[in-house]
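The next block holds one structure in the form of structure tokens; read it before the comments.
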Amino acid sequence: MTVKAKKRKELRSFRLAAVAAAALAAGFLAWIGLGAGDDGVTELVSNLVQASAALLAAAACFSAAGRNPYGFGRAWTASLHRAWRLLGSAALAWGLGQVAWTVIELRDGTPGVPTVADVGYLAAVPLLIAGVLAFPTAPMRATARLRTLLDGLLIAASLLFLGWATVLGDAFRSNGASAIERAICLAYPLGDIVAGTIVLVLLTRSRGRGVVHLSMIAAAVFSLLVADLGFAYKHPTGSYGTGAMLDAGWVVGWLLLAATALKPTVAELRRSDDEEEPSIMRLALPYAPLIVAAVTGVAIQIGTGKFEPFLVFTGTVIGLLVISRQIVALIENRQLNARLRATVVQLSEREQELKDGLRRELAAADKLRALSDMKDTFLRAVSHDLRTPLTAMLGVAITLERTRLNLPREQALDLVGMLVEKTRKLERLLKDLLDLNRLEEGVLEPNRSLTDVRELVHRVVTEVDQLAGWPIDIEAEPIQAFIDGPKVERIVENLLLNTTRHTPPGTRVWVKALARGSDLELIVEDAGPGVPAELAGTIFEAFRRGGTSAPTMAHHRGVGIGLSLVARFAALHGGHAWVDERWGGGAAFHVLLPDVVSYDRGYAQVLDRL
């Protein structure tokens with residue numbers, strides 16, 4: 001059977017039991033109220049209905065103890081089973097006591113007190129209290145547990161005040177009964193007061209619909225309390241007789257308990273005592289008996305003009321409990337305010353974290369868009385840089401093929417020279433891309449050796465064909481440095497090629513290699529338009545292309561990895577690159593390589609000038 005089908009079956013059983021219990025209670029009240037039958041029949045019917053109601057409640061409770069409600073933990077289910085077994089034992093003890101009462105009454109007439117029946121009745125009192133106490137409830141904080149304890153004491157004191165003022169006081173002062181008879185008669189309502197207090201306390205700790213139908217159990221206990229109070233008041237004076245309307249309290253109480261045991265249990269637990277705002281009814285519950293006791297006290301004062309010492313003492317205790325509860329409530333409020341402040345702080349921190357995260361996400365999105373734009377730019381530039389030399393190489397190859405190499409010597413040499421130039425250009429582009437990839441993966445290491453920096457600079461300026469048309473001044477000190485020569489050559493070459501891409505032919509260029517203590521500084525300056533301020537901080541990023549247009553069609557802006565390689569080759573030596581404005585106009589690119597100029601390896605920092 002599925003869980004849903006099982007729940008439907010339990011709900012049908014509960015509804016049938018509730019209708020049957022209501023019909024039985026209504027029929028019993030009608031029988032007693034209308035006085036159907038003579039006194040003997042009425043007494044027998046009353047006794048049988050009371051015993052049947054209690055035994056039915058016992059059977060229902062034991063049945064509930066055998067059910068395993070869906071959705072609960074093992075400890076919670078064990079507590080429920082224990083509670084229902086104890087309540088079932090209480091109902092069984094009371095029902096057996098009622099059977100004994102019925103037998104005695106049929107045999108000897110109205111029984112006195114004590115009798116064998118009182119054994120069952122009295123045994124039911126502690127079992128009822130233990131059963132109510134065994135019901136599991138949600139965990140609570142220390143102050144909440146203290147407040148709950150004070151609520152229980154306040155309810156018990158108020159009920160005791162009310163019961164003593166209305167019934168118990170007269171029963172205790174009765175002169176027509178023995179001490180043991182008065183004690184037994186008072187034990188029943190006092191036990192019910194304790195059980196009712198526990199139920200009300202549990203109700204203050206319940207949340208929402210709750211897993212235990214405490215409201216129905218409370219109604220059952222208070223129905224038994226009313227009947228026991230009436231019995232305690234009437235029996236010592238000899239005015240109680242079986243078949244009176246008072247018996248309806250026991251019948252209704254046990255039938256309510258039977259219906260409660262058959263009601264399906266709903267798994268709806270809360271984790272802490274501050275997850276749900278308490279209702280007004282739950283907050284006012286401890287004060288309900290207090291209000292009734294206060295009204296009763298006012299009525300007694302108006303009617304008699306005096307209080308018994310016991311009532312004065314009980315009223316004083318009630319006042320002290322009210323004051324104590326208010327103090328605890330103030331402490332709870334302060335703790336709640338502290339928790340609220342802490343929660344507000346946590347929420348503010350969380351909000352700030354979310355804002356920071358959102359800003360980071362927006363920055364990442366902007367970066368991704370910028371990368372996407374750079375990717376598009378890179379693809380366009382690479383396709384151009386690859387297509388241009390390949391087109392020229394293909395043209396040379398087709399020309400040579402068509403002429404079958406039958407060309408004048410000078411023309412053939414020009415074509416071969418063009419082929420070599422375009423091949424080198426293509427090789428350079430592929431090499432730059434490969435080096436950039438190796439640098440990104442961190443697999444490229446500097447191969448340092450002692451290098452003549454001045455000779456290196458002159459060699460680069462001489463060998464780079466693209467520099468033709470740009471007058472270049474070299475200021476290089478005769479420095480010996482421990483560097484990766486090919487990488488530093490690429491640094492100087494890329495800086496010079498970058499200059500030719502962004503300045504028109506004829507623009508003067510200055511190349512400098514200077515010793516700054518043990519550091520080597522390479523500088524390439526030009527008298528061109530300079531670097532826009534908005535690009536100064538990002539110009540060394542990969543695929544970042546400066547300017548909006550090339551100065552000539554022959555010198556387009558390039559792929560955008562030349563300056564990135566400059567910065568990364570500098571970082572490979574532990575240095576860095578930057579750009580600033582040249583004095584007098586133009587751009588000045590700087591590369592600083594730290595601790596590379598030799599002092600102690602047999603070379604001077606700066607050799608004698610030639």
Side-chain angles (χ1 to χ4, degrees), residues 381 385 421 424-425 428-429 432 451-479 481 483 485 487-516 519-540 544-567 569-570 575-593 606 609-610:
D385 278 20
E421 178 189 354
R424 286 176 177 173
K425 185 175 181 180
R428 174 183 175 78
L429 177 60
D432 284 348
T451 304
D452 187 336
V453 177
R454 183 171 61 176
E455 190 274 333
L456 180 148
V457 172
H458 280 275
R459 183 172 64 252
V460 171
V461 172
T462 302
E463 292 179 354
V464 177
D465 297 335
Q466 291 92 330
L467 299 180
W470 280 264
I472 299 176
D473 294 338
I474 301 175
E475 182 185 343
E477 296 177 346
I479 304 169
I483 55 176
K487 300 296 186 298
V488 175
E489 285 184 14
R490 299 279 295 284
I491 289 175
V492 178
E493 182 182 356
N494 285 351
L495 290 176
L496 289 171
L497 290 177
N498 178 74
T499 298
T500 64
R501 292 191 182 102
H502 298 284
T503 61
T507 304
R508 184 162 293 278
V509 179
W510 293 268
V511 181
K512 300 177 182 179
L514 307 175
R516 307 293 190 189
D519 302 338
L520 172 63
E521 183 177 5
L522 302 173
I523 306 172
V524 175
E525 299 177 334
D526 63 68
V531 178
E534 63 272 13
L535 293 178
T538 60
I539 198 168
F540 290 99
R544 182 71 65 180
R545 305 168 73 202
T548 57
S549 63
T552 67
M553 291 301 294
H555 298 86
H556 60 87
R557 289 182 293 158
V559 178
I561 59 176
L563 292 182
S564 175
L565 286 174
V566 168
F569 285 152
H576 63 283
W578 73 96
V579 63
D580 56 22
E581 187 177 355
R582 173 182 169 273
W583 179 263
F589 289 86
H590 301 258
V591 174
L592 186 69
L593 307 179
V606 180
R609 295 186 181 276
L610 299 178

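Note that the coordinates shown come from a computational prediction; the quantities given were computed from them, not determined experimentally. Numbers for residues simply follow the sequence, beginning at 1.
In this structure the side chain of Leu495 reaches within 4.5 angstrom of the side chain of Val566, judged on heavy atoms. Put simply, the side chain of Thr503 reaches to within 4.5 Å of the side chain of Pro529, judged on heavy atoms. Leu563 is not listed as a side-chain neighbour of Asn494, based on a closest heavy-atom distance of 4.5 Å or more. The closest side-chain heavy-atom distance from His576 to Leu592 is below 4.5 Å.
Across every non-hydrogen atom of Leu520 and Ala481, the tightest pair is CD2-CB, 4.5 Å. Minimum heavy-atom separation, Ala577 to Ala567: CB-CA, 4.2 Å.
Legend: residues meeting ring pair (Phe, Tyr, Trp, His ring centres under 6.0 Å) with His458, ordered by chain and number and at least two apart, are absent. Applying the salt bridge (charged side-chain N to carboxylate O under 4.0 Å, His left out) test to Asp580 and every residue at least two apart in sequence or in another chain returns nothing. Every residue meeting the side-chain contact (heavy atoms from CB on, under 4.5 Å) condition with Ala570, not counting sequence neighbours, appears here in chain and number order: Val591, Leu593. By the side-chain contact (heavy atoms from CB on, under 4.5 Å) test, Ala527 pairs with Thr507, Trp510, Arg582, sequence neighbours left out. In this structure Glu455 satisfies the side-chain contact (heavy atoms from CB on, under 4.5 Å) test together with Asp452, Arg459, sequence neighbours excluded. Here Asp526 pairs with nothing under the side chain to side chain donor-acceptor pair (under 3.5 Å) rule; sequence neighbours left out.
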Legend entry - Candidate pair His502 and Val531, rule side-chain contact (heavy atoms from CB on, under 4.5 Å), full reasoning: CA-CA 9 Å; His502 298 284; Val531 178; over 6 Å; no

Legend entry - side-chain contact (heavy atoms from CB on, under 4.5 Å) assessment of Leu522 paired with Val492: CA-CA 8 Å; Leu522 302 173; Val492 178; 4.1 Å; yes

Inset, instruction - Begin with the C-alpha distance, continue with both residues' side-chain angles, and end with the deciding distance and a verdict on side-chain contact (heavy atoms from CB on, under 4.5 Å) for His590 and Val579. - result: CA-CA 6 Å; His590 301 258; Val579 63; over 6 Å; no

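A donor-acceptor pair is defined here as one N or O able to donate and one able to accept, closer than 3.5 Å; no such pair exists between the side chain of Glu477 and the backbone of Arg454.
Rounding to the nearest 0.5 angstrom, the gap separating the CG atom in Leu456 from the OG1 atom in Thr451 is 7.0 Å. Distance check, rounded to the nearest 0.5 Å: CZ of Arg516 to CD1 of Ile479 gives 9.5 Å.
In summary, of the residues considered (Ile523, Leu496, Thr499), a side-chain contact (heavy atoms from CB on, under 4.5 Å) with Val511 occurs for Leu496 alone.
Below 30°, between 30° and 60°, or above 60°: for Phe540 and Phe589 the angle between ring planes is above 60°, a perpendicular geometry.
Using a cut-off of 4.0 Å between Lys/Arg side-chain N and Asp/Glu carboxylate O, Lys512 and Glu525 are scored as salt-bridged.
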